[in-house]
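This is the structure I have questions about; it appears just below.
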Amino acid sequence: MALGGSILLGLTVVGAYFKTLQALPWPRLLLVLAMTQTFSASLVTLADFLWYTSYSDWQRLYTLLIVLANAALAGLLLGRAQQILAERPGTLELAKALRTAYLIFIGLALYKTYGLAVNGRYLSFPIEQFSIPVFGIVALSACRWLSPGQSADRFAAFDGLIGWELSCKRDRVAAYLLSFAIVGMVVGESLAFMVGRDFIQAHPGIAEGVPVALSYTLKNGQLTTWLIYLALLSLPFWTGKTQNAKV
């Protein structure tokens, strides 16, 4: 049912922008179609998973809010992708909306990471909730790569992605915090293994225990995916400022 819903949603979005999409060269058209279907699948998966794992009114309210936030961000990302691929200048309104949305999602990601670090064994990784923000960064970077005149080392620069120069020095703090969160998650999970009685008996000594604990930590597929998500969310803030982005 989720697959059918995502396909239907994707076709609906494509139908709404059909006339605009017709004018794009086929490589750019394929990228927009892939973005649309990926966002649709992510949105349907998010709504389906969170709704069926909500057991209180507060959880259902959170599900509604996070689904609406992801849907709004997906719409903004598709709008920005069309600007880049059609080689139209960015707009201040859309850039401000994208910037605000990403800062909110980054704040939420840091909060979720703190919860995982403190009570990681009792919480699931919120991967579905951040798939659209992460895929959006990758997709807009790919759009810029397909557009002429882009600097190869600035595809993921935040100002270029959103279409306007709005960055300030404080934005680098987001990159630092996300990077610290990555390190903190690895250290925290490794320590959680190392303090276990069975682990200490099997691997006495720090020199022997640390490599084993790290290997156990990095073999956790959900944890590794979450670390990659955090790294990708931080990437646009590491690449530095660009000149006032026109596309």
According to the side-chain hydrogen bond (donor to acceptor under 3.5 Å, both in side chains) rule, which pairs have a member within residues 192-202, sequence neighbours left out?
none
Could I get the full list of side-chain hydrogen bond (donor to acceptor under 3.5 Å, both in side chains) partners for T217, not counting sequence neighbours?
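Checked T217 against side-chain hydrogen bond (donor to acceptor under 3.5 Å, both in side chains); matches are S190.
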Run the side-chain hydrogen bond (donor to acceptor under 3.5 Å, both in side chains) test against S141 and tell me which residues pass, sequence neighbours left out.
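Partners of S141 under the side-chain hydrogen bond (donor to acceptor under 3.5 Å, both in side chains) test: none.
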Looking at R172 and F237, would you say the former's side chain and the latter's main chain have a donor-acceptor pair under 3.5 Å?
yes
In the hydrophobic clustering that connects Ile, Leu, Val, Met, Phe, Trp and Tyr at side-chain heavy-atom distances below 4.5 Å, which members other than W58 occupy its cluster, ordered by chain and number?
L61, L65
List in chain and number order the residues that pass side-chain hydrogen bond (donor to acceptor under 3.5 Å, both in side chains) with Y62, two or more places apart in sequence or in another chain; answer none if no residue qualifies.
K112, Q129
Residue list, side-chain hydrogen bond (donor to acceptor under 3.5 Å, both in side chains) with S215, at least two apart or on another chain:
none
Please collect all salt bridge (Lys or Arg N to Asp or Glu O under 4.0 Å) contacts where either partner lies in residues 94-103, sequence neighbours excluded, each pair once.
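Pairs touching residues 94-103 that pass the test: R99-D171.
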Quick note, salt bridge (Lys or Arg N to Asp or Glu O under 4.0 Å) partners involving residues 200-209, not counting sequence neighbours, are none
Which residues pass the salt bridge (Lys or Arg N to Asp or Glu O under 4.0 Å) test with D57, not counting sequence neighbours?
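Only R60 meet the salt bridge (Lys or Arg N to Asp or Glu O under 4.0 Å) criterion with D57.
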Any donor-acceptor pair under 3.5 Å from S234 side chain to S179 backbone:
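Side chain of S234 to backbone of S179: no pair is present.
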By side-chain contact (heavy atoms from CB on, under 4.5 Å), which residues pair with F180, not counting sequence neighbours?
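With neighbours one apart ignored, the set is Y176.
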Where does the angle between the aromatic ring planes of F199 and F193 fall among parallel (under 30°), tilted (30 to 60°) and perpendicular (over 60°)?
tilted
For residues 221-230, dump all side-chain donor-acceptor pairs below 3.5 Å to protein atoms at least two apart in sequence or in another chain.
residue : atom : partner : partner atom : Å
T224    : OG1  : L218    : O            : 3.0
T224    : OG1  : N220    : O            : 3.0
T225    : OG1  : G221    : O            : 2.9
W226    : NE1  : T113    : OG1          : 3.2
Y229    : OH   : S131    : OG           : 2.9

Show which residues join I104 in its hydrophobic cluster (side-chain heavy-atom contacts under 4.5 Å, direct or indirect), or state none.
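Hydrophobic cluster check, I104: no partners found.
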